[in-house]
Amino acid sequence: MSEWVVKRDNFEVMGKFLGAFCKDGEVVIRDSKMSCIVVDTANVAIAQVEIDVEGDREATFKLDFEALTKALSVSKAESVIVSVIPNMMVIKIGSHVMRITELSMLSKPVKHVPKLKYETCVKVEAKEILDMLAGIVRALDNKVVFKLQDKVLSITVEGTILQDTFETPVDVEGDVRVVIPSDYLEDIAKGLKGKCKEVSLEMRTDSPLIVKAEIDGGRVGVMIAPRIVSD
């Protein structure tokens, strides 16, 4: 039986963050990393979480994210010992030993992840942007506009009653505008709040928005398809 040591908070981020997009996914442990990629049911967003683990064995496991979140909630211990045996993931946390049954199949298996590479990548401080997106997006119309012009990044949440625009100077040239469904951005913001200092936005007009962030001992990335709208 192979065992890996995982930071509890990071494992919880994986379950809750990816669970907002899909209810289950295939976790892969390789090269001292635990990673999982999921696609939402509407085929609009692809989300990935990768966290560091202690251990050099390889394993794959079809995991239900709700079961993982419930297992980790039983204790606040900082470290988790994870092992994978046939049809079972064993999680030792504090004084508890939790067993999660492996799924026979996934609700939304990932068959292909687009490899996109953009010239425009903007890095901004996370707190104010995440607070805005987590706090008011879903209550408004389902539209958020990201715009880069004259070295100014603006993010506008557009609604019929309230419109909120965040602007910040950046060291990036470009003329880019992309419109994104707001509910995905709310899930991202809530999942990352308080866990990262900086957010990276890879942008191209009318193309998927790629959001990346470094968390303590891990990495998060989401690709969201745009809404093509006329002015």
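These numbers come from the heavy atoms of this one structure, side chains and all, not from hydrogens, waters or symmetry mates. Computed from a predicted structure; not experimentally measured.
Atom-to-atom distance recorded for Leu72:CG and Arg8:CZ is 6.0 Å, nearest 0.5 angstrom. With rounding to the nearest 0.5 angstrom, the CD1 atom of Ile129 is 7.5 Å from the CZ atom of Phe146. Summarising the geometry, atom OG belonging to Ser83 is positioned 8.5 Å from atom CZ belonging to Arg99; distances are rounded to the nearest 0.5 Å. Of the inter-residue distances, the one linking Glu12 atom CD with Lys195 atom NZ reads 7.5 Å to the nearest 0.5 angstrom. Distance check, rounded to the nearest 0.5 Å: NZ of Lys147 to CG of Asp175 gives 7.5 Å. Atoms SG and CD, from Cys36 and Glu50 in turn, are 11.5 Å apart once rounded to the nearest 0.5 Å.
Although no hydrogens or angles enter the test, the distance criterion places a donor-acceptor pair under 3.5 Å between the side chain of Asn10 and the main chain of Asp216. Side chain of Trp4 to main chain of Val84: no donor-acceptor pair is present (N/O by atom type, distance under 3.5 Å, no hydrogens or angles). Panel note: side chain Ser207, backbone Thr205; a donor-acceptor pair is recorded below 3.5 Å. In terms of modelled atom types and a separation under 3.5 Å, the side chain of Ser200 and the main chain of Lys123 share no donor-acceptor contact.
Closest approach of Ser154 to Thr165, counting heavy atoms only: CB-CG2, 4.2 Å. Considering every non-hydrogen atom in both Glu186 and Ala134, the closest pair reads OE2-O, 3.8 Å. Closest non-hydrogen pair, Ile100 versus Phe61, comes out as O-CZ, 3.4 Å. Contact between Glu58 and Arg30 at its shortest, heavy atoms only, is OE2-CG, 3.5 Å. Residues Ser75 and His96 approach most closely at CB-CD2, 4.3 Å, considering heavy atoms. Residue Phe11 comes nearest to Met34 through the heavy atom pair CE1-SD, 3.4 Å, listed as atom of the first residue, atom of the second, then distance.
Put simply, the residue from Cys22, Pro208, Pro114 that forms a side-chain contact (heavy atoms from CB on, under 4.5 Å) with Ile46 is Pro114. Under the side-chain contact (heavy atoms from CB on, under 4.5 Å) test applied with Tyr184, the options Leu133, Val222, Val144, Asp40 reduce to a single match, Asp40. Considering Ile93, Ile29, Val82 as possible partners of Val6, the one that fulfils the side-chain contact (heavy atoms from CB on, under 4.5 Å) test is Val82.
Hydrophobic clustering (side-chain heavy atoms under 4.5 Å, transitive across Ile, Leu, Val, Met, Phe, Trp, Tyr) keeps Met14 apart from Ile37. By the rule that hydrophobic residues join a cluster once side-chain heavy atoms approach within less than 4.5 Å of another member, Leu148 and Leu201 end up as members of one cluster. Side-chain heavy atoms closer than 4.5 Å link hydrophobic residues (I, L, V, M, F, W, Y) into clusters, and following such links, even through other members, never connects Ile210 to Ile180. Under a hydrophobic-cluster definition in which Ile, Leu, Val, Met, Phe, Trp and Tyr are linked whenever side-chain heavy atoms come within less than 4.5 Å, directly or via other members, Met223 and Val145 are assigned to different clusters. In the hydrophobic clustering of ILVMFWY residues, with side-chain heavy atoms under 4.5 Å counting as a link, Val113 and Val39 come out together.
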Criterion side chain to side chain contact (heavy atoms under 4.5 Å, CB included) on Met203 and Leu153, from CA distance to verdict = CA-CA 11 Å; Met203 305 165 58; Leu153 173 69; 4.1 Å; yes
Passes side chain to side chain contact (heavy atoms under 4.5 Å, CB included), Ile188 versus Phe21? Steps please.
-> CA-CA 10 Å; Ile188 294 169; Phe21 296 89; 3.8 Å; yes
Could you go through the side chain to side chain contact (heavy atoms under 4.5 Å, CB included) check for Lys143 and Val179 one step at a time?
-> CA-CA 7 Å; Lys143 181 178 175 183; Val179 182; 3.5 Å; yes
Show your reasoning for whether side chain to side chain contact (heavy atoms under 4.5 Å, CB included) applies to Thr101 and Asn87.
-> CA-CA 6 Å; Thr101 302; Asn87 302 318; 5.5 Å; no
Check step by step if salt bridge (Lys or Arg N to Asp or Glu O under 4.0 Å) holds for Lys23 and Asp64.
-> CA-CA 6 Å; Lys23 66 181 182 179; Asp64 180 274; over 6 Å; no
Given Arg219 and Asp52, is the salt bridge (Lys or Arg N to Asp or Glu O under 4.0 Å) satisfied, shown in steps?
-> CA-CA 9 Å; Arg219 292 141 294 279; Asp52 299 336; 2.8 Å; yes
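Contact check for Glu198 versus Glu125: no side-chain heavy atoms found under the 4.5 Å cut-off. Between Val157 and Phe166, the closest side-chain pair of non-hydrogen atoms is not below 4.5 Å. Side-chain contact between Thr120 and Arg204: absent, with no pair of heavy atoms (C-beta onward) separated by less than 4.5 Å.
No more than 12 heavy-atom neighbours from other residues, nucleotides or ligands sit within 6.0 angstrom of CD on Glu119. Heavy-atom neighbours of Gln149 CD from other residues, nucleotides or ligands within 6.0 Å: above the threshold of 12. Within a 6.0 Å radius of NZ in Lys197, other residues, nucleotides and ligands contribute 12 heavy atoms or fewer. For CG of Asp171, the number of neighbouring non-hydrogen atoms (other residues, nucleotides, ligands) closer than 6.0 Å is 12 at most.
Leu103 belongs to a hydrophobic cluster whose other members, connected by ILVMFWY side-chain contacts under 4.5 Å either directly or through intermediates, are Leu106.
Every residue two or more places apart in sequence or in another chain was checked for a salt bridge (Lys or Arg N to Asp or Glu O under 4.0 Å) with Lys108, and none qualifies.
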